[in-house]
Amino acid sequence: MDLITMLKQLGAGMIVTGEIFFLTLLFSLPLGLIIAFGRMAKNGFVRTVSKIYISIMRGTPLMLQLIVVYFAPYYVFGIRLGAGYRMVALILGFVLNYAAYFAEIYRAGIQAIPVGQHEAAQVLGFSKAQTFFKIILPQVIKRILPPVTNEVITLVKDTSLAFVLTVAEMFTIAKQIASAQTTVMPLMVAGVFYYVFNLLVAFVMDLIEKKLGYYR
């Protein structure tokens, strides 16, 4: 196989990798905030359920979670789903896993904001929603960007776990080509792709952090 053909195949896999990455962030970031609210809720039941969920998601391998999400509909509920469910199960598994990590990052950021800011907003007549979205959340985003960046970079690498559900993303294709051609070149090229992807992620997150530099 010539280099151009190999790059085209890896490029096709990179598109799938990108889909997994962006869809996971699209749904896990807001879900993580909801779970963080549950984790800090005054209602003991909601707080306990959220805490258990986070504990399970962070305490078990992502690979196992993907398998459970894919096979549970059939083995638990007796529901047969088509081959199209593979990608859905993959995204769902990633979202549920990463939402738990983001929830704890959000919680740490929110609880780090001084209580005095809540009290000042209340004196000024802000509602709880206005206080959170206009005063607290912008500061929280600034504080949590570094740990969020770490998780996002980890997500780029974790997309390679898609092979568990036989979804052909870039690393899976690289392994297939390497095995068929008995060469490590596809794996090396895949490594370069991952590295460049993570450089772009770090660059974008750094730009966002600088934009929020006025929150000090």
Side-chain angles (χ1 to χ4, degrees), residues 1-32 57-58 60-67 69-70 86-106 108-109 141-213:
M1 179 183 295
D2 61 273
L3 181 60
I4 300 300
T5 302
M6 181 184 70
L7 290 176
K8 285 182 179 179
Q9 292 186 10
L10 291 176
M14 191 64 187
I15 292 175
V16 178
T17 295
E19 290 178 355
I20 298 169
F21 174 80
F22 289 111
L23 289 175
T24 299
L25 286 184
L26 178 64
F27 294 109
S28 63
L29 285 171
L31 178 59
M57 290 296 105
R58 297 200 306 170
T60 56
L62 175 56
M63 184 183 296
L64 175 61
Q65 295 167 20
L66 293 174
I67 293 172
V69 170
Y70 181 69
R86 290 184 187 276
M87 190 63 174
V88 174
L90 184 70
I91 300 302
L92 182 59
F94 270 92
V95 168
L96 293 175
N97 178 272
Y98 272 83
Y101 287 92
F102 287 136
E104 285 297 88
I105 293 174
Y106 283 130
I141 293 174
K142 168 64 177 176
R143 290 171 182 264
I144 68 175
L145 271 179
V148 166
T149 299
N150 287 337
E151 289 301 322
V152 173
I153 289 174
T154 300
L155 172 59
V156 174
K157 294 178 287 186
D158 277 351
T159 56
S160 62
L161 292 176
F163 79 90
V164 175
L165 301 185
T166 64
V167 174
E169 43 65 61
M170 185 183 62
F171 189 67
T172 299
I173 293 176
K175 289 191 296 182
Q176 292 172 349
I177 297 174
S179 177
Q181 303 294 323
T182 61
T183 174
V184 297
M185 181 59 69
L187 298 177
M188 295 176 66
V189 174
V192 172
F193 277 173
Y194 279 115
Y195 180 68
V196 172
F197 199 159
N198 275 326
L199 278 181
L200 290 174
V201 168
F203 176 74
V204 171
M205 297 302 284
D206 186 55
L207 284 180
I208 296 174
E209 191 169 352
K210 288 178 180 178
K211 288 287 185 181
L212 296 174

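Sequence positions, counted from 1, serve as the residue numbers for this chain. Values below: every heavy atom of this structure, side chains too, minus hydrogens, waters and symmetry copies.
- Between the OG1 atom in Thr159 and the CE atom in Met14 there is a gap of 7.5 Å [rounded to 0.5 Å].
- At least one donor-acceptor pair under 3.5 Å links the side chain of Gln65 to the backbone N or O of Thr60.
- With values rounded to the nearest 0.5 angstrom, Met170 atom CE is found 8.5 Å from Phe197 atom CZ.
- Atom OG1 in Thr149 sits 11.0 Å away from atom CG in Asn198 (nearest 0.5 Å).
- Counting only heavy atoms from C-beta outward, the side chains of Phe21 and Val201 approach each other to under 4.5 Å.
- Taken to the nearest 0.5 Å, the CG atom of Asn97 stands 8.5 Å off from the CD atom of Glu151.
- A distance-only check finds a donor-acceptor pair linking the side chain of Arg86 to the backbone of Leu165 [under 3.5 Å].
- In this model, a donor atom of one side chain and an acceptor atom of the other lie less than 3.5 Å apart for Thr172 and Glu169.
- Atom CZ in Phe94 sits 11.0 Å away from atom CG in Leu25 (nearest 0.5 Å).
- The aromatic rings of Tyr101 and Tyr98 are tilted relative to each other, their planes meeting at an angle between 30° and 60°.
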Would you please test Ile91 and Glu19 for side chain to side chain contact (heavy atoms under 4.5 Å, CB included) and show each step?
CA-CA 9 Å; Ile91 300 302; Glu19 290 178 355; over 6 Å; no
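- Scanning all heavy atoms of the two residues, the minimum distance from Leu187 to Ala178 falls at CG-CB, 4.0 Å.
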From CA spacing to verdict: side chain to side chain contact (heavy atoms under 4.5 Å, CB included), Phe102, Ile105
CA-CA 5 Å; Phe102 287 136; Ile105 293 174; 4.3 Å; yes
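- Scanning all heavy atoms of the two residues, the minimum distance from Ala190 to Ala174 falls at CB-CB, 3.8 Å.
- With Gln181 contributing its side chain and Thr183 its backbone, the two residues share no donor-acceptor pair below 3.5 Å.
- Atom CG of Leu90 sits about 5.5 Å away from atom CG of Leu66, to the nearest 0.5 Å.
- Side-chain contact between Ile20 and Met87 is present, with at least one heavy-atom pair separated by less than 4.5 Å.
- The main-chain N or O of Leu29 is found under 3.5 Å from a side-chain atom of Tyr106 such that the two form a donor-acceptor pair.
- Using a 4.5 Å heavy-atom threshold, the side chains of Glu209 and Pro146 count as touching.
- By the 6.0 Å and 45° rule, Lys175 stacks over the aromatic ring of Phe163.
- Of the possible donor and acceptor atoms, none in the side chain of Tyr194 sits under 3.5 Å from a partner among the backbone N and O of Lys157.
- The shortest side-chain heavy-atom distance between Tyr70 and Leu92 does not fall under the 4.5 Å cut-off.
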